[in-house]
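A quick write-up on the structure given underneath.
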2 protein chains.
Amino acid sequence: MGITKTQIFTDKQNDLAQFFKVLGHPARVAILQYISSQNACVCSDLVDEIGLAQATISQHLKELKSINLLKGEIDGKSMCYCINVERWSEIQEQLNAFFNNAKLNCC
Amino acid sequence: MGITKTQIFTDKQNDLAQFFKVLGHPARVAILQYISSQNACVCSDLVDEIGLAQATISQHLKELKSINLLKGEIDGKSMCYCINVERWSEIQEQLNAFFNNAKLNCC
DNA sequence: AAATAACATCGTAATATTGCAATATATAGT
DNA sequence: ACTATATATTGCAATATTACGATGTTATTT
């Protein structure tokens, strides 16, 4: 087995979980923190900054792009990866909705 | 090699990622949603509600407990799993800090 | 004390993730 | 065209996760 049974959950549950999953790696947290602390960012900076191989960083960036948290623009011969502000806010709202939805009067 | 290099990240980054990781499964999202929609909860309800085997639900509950999001109290011969309100709020704040920390004036 | 009920844990098979070397691709400068 | 630089992709080995049947544990009921 070992395969997640996505079909028994709602799309919302799967989407939310997918988002959490992508953020569930310290390298990806670190990448987001670093990118958001700069005004722009190129991947070679990240390789130096994070301390993982270039192939590995590139893979993590791909996953962050897969949920639209980053947008990458070609800037000469390097890439400029930036936070996708709209998506970022949208997700923050979704998370707050998730948290606030919890009725807290139990036990 | 398949092992996450936690040692190259800060404790905060690892903690945040660990939290995201635990929530990064639709079954655990569904469990939290269901528990928070009730005032109390026993595991057998969850098995019916979610549609995974009892052993699997039990495992997911264990992971949610590992980040202190749930507290379980023994209630006769069954368990009452509840949201840990303090921890829940604490994490929500941490996430908002993470999101708000992003400077959004890039590109 | 035996049977039942409600979880928890163990063991294991299937699948996913992580990390990197090697290689591919694309652009800039010479 | 050639070389250097920057990033992406591929392939693979090591490890982690998911799911569940079987079994263990603990408390209630009879």
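The separation between A:Asp48 atom CG and D:dT7 atom P is 10 Å, rounded to whole Å.
Neither OP1 nor OP2 of C:dA6 sits under 4.0 Å from any side-chain N or O of B:Tyr81. Under 4.0 angstrom from either OP1 or OP2 of C:dA5 there lies no side-chain N or O belonging to B:Ser44.
With a 4.5 Å cut-off on side-chain heavy atoms, B:Ile35 and B:Ile83 count as touching. Counting heavy atoms from C-beta on, the side chains of B:Leu52 and B:His60 come closer than 4.5 Å. Side-chain contact between B:Leu70 and B:Cys82 is absent, with no heavy atoms from C-beta onward closer than 4.5 Å.
In the region residues 18-29 of chain A, proximity to DNA chain C at under 4.0 angstrom, judged on heavy atoms, holds for A:Lys21, A:His25, A:Arg28. Listed by residue number, the members of residues 53-61 of chain A with any heavy atom below 4.0 angstrom from DNA chain D are A:Gln54, A:Ala55, A:Ser58.
Contact record, B:Asp75 with B:Cys80: CB-CB, 4.3 Å, taken as the closest heavy-atom pair. Of all heavy-atom pairs between B:Pro26 and A:Phe9, the closest is CB-CD1, 3.5 Å. Minimum interatomic distance between A:Asn68 and A:Arg87 (heavy atoms only, all atoms of both residues): O-CG, 3.2 Å.
For the 3.5 Å distance criterion, the side chains of A:Tyr81 and A:Lys71 fail to qualify, holding no donor opposite an acceptor.
Shown here are the side chain to side chain donor-acceptor pair (under 3.5 Å) partners of B:Glu63, two or more places apart in sequence or in another chain: B:Arg28. With sequence neighbours excluded, the residues forming a side chain to side chain donor-acceptor pair (under 3.5 Å) with A:Asn96 are B:Gln92, B:Asn96, listed by chain and number.
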Protein-proximity profile, nucleotides 24-30 of chain C, B/S/- by nucleotide at the 4.0 Å heavy-atom cutoff, equals ---SS--
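Closest-nucleotide positions on DNA chain D for A:Lys5 and A:Ser78 were compared, and the one nearer the 5' end corresponds to A:Ser78.
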Less than 3.5 Å apart, which donor and acceptor atoms pair up between the side chains of residues 10-24 of chain B and the rest of the protein, not counting sequence neighbours?
{"from": "B:Thr10", "atom 1": "OG1", "to": "B:Gln13", "atom 2": "N", "distance (Å)": "3.0"}
{"from": "B:Thr10", "atom 1": "OG1", "to": "B:Gln13", "atom 2": "OE1", "distance (Å)": "3.3"}
{"from": "B:Gln13", "atom 1": "OE1", "to": "B:Thr10", "atom 2": "N", "distance (Å)": "3.0"}
{"from": "B:Gln13", "atom 1": "NE2", "to": "A:Gln33", "atom 2": "OE1", "distance (Å)": "2.7"}
{"from": "B:Asn14", "atom 1": "ND2", "to": "B:Thr6", "atom 2": "O", "distance (Å)": "3.0"}
{"from": "B:Asn14", "atom 1": "ND2", "to": "B:Thr10", "atom 2": "O", "distance (Å)": "3.3"}

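Side-chain atoms of A:Thr4 lie closest to D:dA19 of the nucleotides C:dA16, D:dT15, D:dA19.
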